[in-house]
Trainee: 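Pasting a structure below so you can have a look.
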Amino acid sequence: MKKLIVAALLGLAACSQSREPPKVDTSVIGAGDNWDNPGGDWAGSHFSRLTDITPANVDKLGLAWEYDLGTARVQEATPVVIDGVMYTSGNLGRVYALNAATGEQLWKFEPEVDMQVNRWTCCDQANRGVQVHDGKVFVGSLDGYLYALDAKTGEVAWKTDTIADRKRGYTVTGAPEIAGDLVIIGNAGAENDTRGYVTAYNAKDGSEAWRFWTIPRDPKDGPQESEALEAALKTWDPKSRWDIGGGGTVWDAIQYDPQFDQVIIGVGNGGPYPLHTRSPKGGDNLYLNSLVALDRETGEMKWHFQETPTDSWDLTATQPMVFSEMEVGGKKRPVILHTPKNGFFFVVDRESGKPLAANALVRTSWASGWDLKTGKPNLTPQYSDYSTGPKIVFPASSGARNWHPAAYDPTRNLYFAAVVDMGNLMFIPPGQENPARRERFLNPSAALIFTADLEAAAATLPPPMQAQIKALPQWKQVLDLPYSSQIRAIDPLTGKTKWAADFDGWQDRGGVLATESGLVIHGTLAGKLIVRDAETGKVLKSIDTGSSMLAAPMTYRVNGVQYVAVQAGWGGGGWGFVPPYAAAYAKGNANRLLVFKIGGGETRVPADLPPIEPAPAAPAQLPGVTPAMIAMGSGLFTENCSICHSNQPRAPLPDLRRLDKARHEAFNQIVLEGLFTPNGMPHFEDLLKPDQVKAIHAFLIDEQTKLRARELQLKSQGKPLDSRSLTILSNF
């Protein structure tokens with residue numbers, strides 16, 4: 001009880017320091033000359049009211065300038081432009097300030113990052129943007145620090161540690177959010193050993209104002225930190241795996257609602273994944289996979305809406321939100337438009353948190369529909385509870401939608417978004433029914449195989465398991481349509497598609513920009529910047545950039561000239577598996593910021609990479625190695641290394657089947673002693689024993705020997721060497 005009283009006093013202190021809520025005109029949706037936050041406006045609409053670039057003149061769109069971002073990993077941010085200055089973030093939390101008309105660098109910021117953090121980073125070194133407020137630029141670094149930078153110079157005004165427990169696998173990949181005089185940030189890591197929360201800091205000096213934990217803690221540790229958590233505790237087994245953490249991280253989707261002076265957050269998945277491993281007696285497990293509205297001044301919960309109860313499938317609610325006003329049942333209501341991973345399009349009342357519409361966009365085998373009266377889904381555990389055996393679950397854990405921003409055009413009442421209709425086989429590997437916690441590392445306790453690869457992969461599974469899978473009713477759906485990936489124009493209230501256009505593959509799912517002049521703009525992995533007619537989806541302009549794009553484009557105006565900008569760079573979840581149709585596969589992944597205008601010039605297209613050469617000769621096998629040790633090494637590699645080292649051709653990180661002599665000789669120093677930690681290769685001294693590292697090394701030597709023999713034969717036959725394996729792992 002004392003802790004609750006202290007928390008209440010702290011809340012009152014924070015309240016007494018707060019100013020009046022900011023004055024925001026919520027009657028207007030869409031950005032103007034400035035694009036003042038990653039979503040463009042207060043509503044997060046990714047919509048622009050600028051009309052200088054139109055269907056009639058967009059054929060003259062060309063390159064105005066480009067900027068080399070200096071990295072080759074991942075770009076997910078949408079730039080911010082205020083009064084002619086562009087601010088944006090790159091991987092790890094780098095920040096760039098540029099002249100928005102010319103591309104001239106004004107300053108650049110490189111955070112000092114503890115690169116050991118790469119070991120518990122699920123989805124590459126991503127960063128989704130900056131916020132600019134009161135002369136400061138705010139950004140989170142991958143290792144969990146929040147920086148306030150002077151907007152004119154890039155000098156650090158203040159820095160604060162956002163991580164509550166550095167013995168757990170937290171990272172920061174999302175953009176901060178500004179709410180009046182507060183800056184709010186969450187974190188990632190629900191697949192590891194974390195317990196989610198968001199924290200509000202005073203923008204002036206970085207002092208903490210309040211913190212909201214998204215899921216309960218072990219009741220043995222005393223009262224919960226809030227009344228909301230005391231209520232949530234009833235939806236968890238008292239004997240849940242509190243030691244692992246529980247998940248619920250808020251790695252994206254934090255948005256301030258000025259109309260109700262509240263901050264709405266989207267909460268992530270549970271950890272471990274399987275409900276009956278995490279919370280043995282089941283339960284909804286609040287506030288996992290929920291939208292939660294928090295009072296701006298105190299951080300106290302106002303309402304919640306759980307989009308995926310009983311989550312076992314990594315179907316997060318952390319996808320971007322759009323605020324609007326919409327007529328529902330004859331009444332105008334303030335709403336949230338939300339398309340989380342779980343396959344439904346929700347229209348949620350911003351004042352009450354009640355769902356007003358819920359329509360499936362893709363196949364959903366975890367639920368057959370939604371009951372708006374109860375606010376609950378119609379769950380179908382017979383098709384999705386894989387604690388009783390393998391199940392094919394739609395949608396996949398990579399989501400029907402993910403972090404890639406949608407755009408909402410209020411003038412046409414259309415929501416433009418990348419939508420993936422794909423599932424995955426899910427099962428609990430032997431020995432993972434009640435696993436021990438792995439500190440600051442993956443603790444999912446489930447395995448999965450995407451339906452895009454499932455027919456081919458099924459043949460590699462044990463015959464009894466194959467029989468179980470093929471007896472599932474979803475198996476026919478896999479055979480009929482393994483996946484589809486499209487950009488769609490969707491009616492929010494009905495979920496119906498006005499038009500759709502196919503992407504090249506399921507990994508192709510970029511962010512979107514819409515304009516009042518009737519344009520929809522998005523990039524592709526093949527390196528095309530596509531401009532479509534908003535009414536029909538017809539392609540009006542296609543610019544070959546030679547650089548893969550995932551991030552959402554944006555637009556702004558300086559000195560009377562309208563520009564369109566997009567950051568290019570492959571990466572993010574599943575980043576080790578570069579699809580062969582991607583520009584990053586053919587031309588490499590040099591990250592660039594590309595800016596276009598009417599009357600611009602040609603876009604520079606990078607040259608193709610040289611052909612792949614046969615793997616170098618492997619050293620002699622290590623002494624005392626047996627086939628059993630190699631098999632053990634194979635399993636340990638999959639469990640510990642494959643999340644980063646996919647061992648695929650032209651992957652972002654080295655193919656460990658192609659190591660040179662020096663790296664073979666230094667293998668133990670690299671893996672156990674951290675020789676390359678400053679370069680991003682973390683050490684595993686606390687997780688792996690020397691004999692386990694020897695087994696992994698033996699496996700890689702064996703693989704390299706086989707690969708070289710195969711590739712020498714292919715080369716002698718004049719065949720390409722880029723042989724690939726299945727994309728089995730999901731890390732979105």
Trainee: Any donor-acceptor pair under 3.5 Å linking the side chain of Tyr386 with the backbone of Ala446?
Mentor: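 Answer holds: no.
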
Trainee: Is there a donor-acceptor pair closer than 3.5 Å between any side-chain N or O of Gln704 and the backbone N or O of Leu659?
Mentor: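 Confirmed, Gln704 side chain pairs with Leu659 backbone.
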
Trainee: Taking all non-hydrogen atoms of both residues into account, name the closest pair between Thr214 and Gly248 and its distance.
Mentor: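 Of all heavy-atom pairs spanning Thr214 and Gly248, the closest is OG1-O, 2.7 Å.
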
Trainee: Once ring pair (Phe, Tyr, Trp, His ring centres under 6.0 Å) is applied, do any residues pair with Phe427, and if so which ones, sequence neighbours excluded?
Mentor: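 In terms of ring pair (Phe, Tyr, Trp, His ring centres under 6.0 Å), with neighbours along the sequence ignored, Phe427 is linked to no residue.
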
Trainee: Is the backbone N or O of Pro274 less than 3.5 Å from a side-chain atom of Ser312, with the two atoms forming a donor-acceptor pair by type?
Mentor: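 Side chain of Ser312 to backbone of Pro274: no pair is present.
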
Trainee: How long is the gap from CZ on Phe637 to CG on Leu656, to the nearest 0.5 Å?
Mentor: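 Reported value, rounded in 0.5 Å steps: 5.0 Å.
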
Trainee: Ignoring hydrogens and geometry, is there a side-chain-to-backbone donor-acceptor pair from Lys341 to Ser397 under 3.5 Å?
Mentor: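 At least one qualifying donor-acceptor pair exists.
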
Trainee: Is a side-chain N or O of Asp124 found less than 3.5 angstrom from the main chain of Cys122, in a donor-acceptor match?
Mentor: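 Not a single qualifying donor-acceptor pair exists.
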
Trainee: Indicate whether any N or O donor in one side chain lies under 3.5 Å from an N or O acceptor in the other, for Arg509 and Asn402.
Mentor: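 Side-chain D/A pair, Arg509 to Asn402: absent.
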
Trainee: Any side-chain heavy atom of Val625 within less than 4.5 Å of one from Met629?
Mentor: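 Sidechains of Met629 and Val625: in contact.
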
Trainee: Crowded around Lys239 NZ? As in, over 12 foreign heavy atoms under 6.0 Å?
Mentor: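 Check fails, neighbour count at 12 or below.
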
Trainee: More than 12 heavy atoms of other residues, nucleotides or ligands under 6.0 Å from CZ of Arg437: yes or no?
Mentor: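 Yes, CZ of Arg437 has more than 12 neighbouring heavy atoms, counting only those of other groups under 6.0 Å.
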
Trainee: Please test Arg241 against Asn434 for side chain to side chain donor-acceptor pair (under 3.5 Å), starting from the C-alpha separation and ending with a verdict.
Mentor: CA-CA 9 Å; Arg241 289 300 308 272; Asn434 192 30; 2.9 Å; yes

Trainee: Hey, does Tyr170 have a side-chain heavy atom less than 4.5 Å from the side chain of Val117?
Mentor: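 The answer is no; the side chains never approach within 4.5 Å.
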
Trainee: Output the distance between atom CD (Glu711) and atom CD1 (Ile612), rounded to the nearest 0.5 Å.
Mentor: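 So the CD of Glu711 and the CD1 of Ile612 are separated by 7.0 Å.
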
Trainee: Got Trp236 and Leu288 here, is their nearest side-chain heavy-atom distance under 4.5 Å?
Mentor: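 Contact flag for Trp236/Leu288 side chains = yes.
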
Trainee: Would you say Arg195 and Arg168 make side-chain contact, with heavy atoms under 4.5 Å?
Mentor: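 SC-SC contact between Arg195 and Arg168 ruled out.
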
Trainee: I'd like to check Gln75 versus Arg592 (side-chain heavy atoms, cut-off strictly below 4.5 Å). Are they in contact?
Mentor: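 Not touching, per the 4.5 Å side-chain cut-off.
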
Trainee: So which heavy atom on Val137 is nearest to which on Val95, and how close?
Mentor: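 Looks like CG1-CG1, 4.1 Å.
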
Trainee: Starting at CG of Asp691, measure out to CE of Met632 and round the result to the nearest 0.5 Å.
Mentor: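 Going from the CG atom of Asp691 to the CE atom of Met632 covers 5.5 Å.
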
Trainee: For Leu142 and Thr173, run side chain to side chain contact (heavy atoms under 4.5 Å, CB included): C-alpha distance rounded to whole Å, both residues' side-chain angles, the deciding distance at 0.1 Å, then the answer.
Mentor: CA-CA 6 Å; Leu142 186 66; Thr173 59; 3.9 Å; yes

Trainee: Got a list of side-chain donor-acceptor pairs under 3.5 Å for residues 694-702, not counting sequence neighbours?
Mentor:
residue	atom	partner	partner atom	Å
Lys694	NZ	Pro623	O	2.8
His697	NE2	His664	ND1	2.9
Asp702	OD2	Lys706	NZ	3.0

Trainee: Starting at CG of Asn647, measure out to CG of Leu707 and round the result to the nearest 0.5 Å.
Mentor: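 Nearest 0.5 Å value for the CG-CG distance: 9.0 Å.
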
Trainee: Working to the nearest 0.5 angstrom, can you tell me the gap between Leu92 CG and Thr71 OG1?
Mentor: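 Rounded to the nearest 0.5 Å, the CG-OG1 separation comes out at 8.0 Å.
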
Trainee: Can you tell me if Asp453 uses its side chain to pair, donor with acceptor, with the backbone of Phe450 under 3.5 Å?
Mentor: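 Not at all, since once roles are kept as given, no pair shorter than 3.5 Å links the two residues.
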
Trainee: Just checking Lys689: does its NZ atom have more than 12 heavy atoms from other residues, nucleotides or ligands closer to it than 6.0 angstrom?
Mentor: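 It does not: Lys689 NZ has 12 such atoms or fewer within range.
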
Trainee: Can a donor-acceptor pair be found, under 3.5 Å and without considering hydrogens, that links the side chain of Gln131 to the backbone of Ala175?
Mentor: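 The answer is no, because no donor-acceptor pair under 3.5 Å joins these two groups.
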
Trainee: Measuring only between side-chain heavy atoms, which start at C-beta, is Asn187 closer than 4.5 Å to Thr194?
Mentor: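 The answer is no; the side chains never approach within 4.5 Å.
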
Trainee: Taking the side chain as every heavy atom from C-beta outward, state whether Pro611 and Leu721 have any atom pair closer than 4.5 Å.
Mentor: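 Sidechains of Leu721 and Pro611: no contact.
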
Trainee: Show your reasoning for whether side chain to side chain contact (heavy atoms under 4.5 Å, CB included) applies to Cys644 and Trp575.
Mentor: CA-CA 8 Å; Cys644 293; Trp575 57 293; 3.9 Å; yes

Trainee: If we only count heavy atoms from C-beta on, is the Glu112 to Asp143 side-chain gap below 4.5 Å?
Mentor: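 Contact flag for Glu112/Asp143 side chains = no.
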
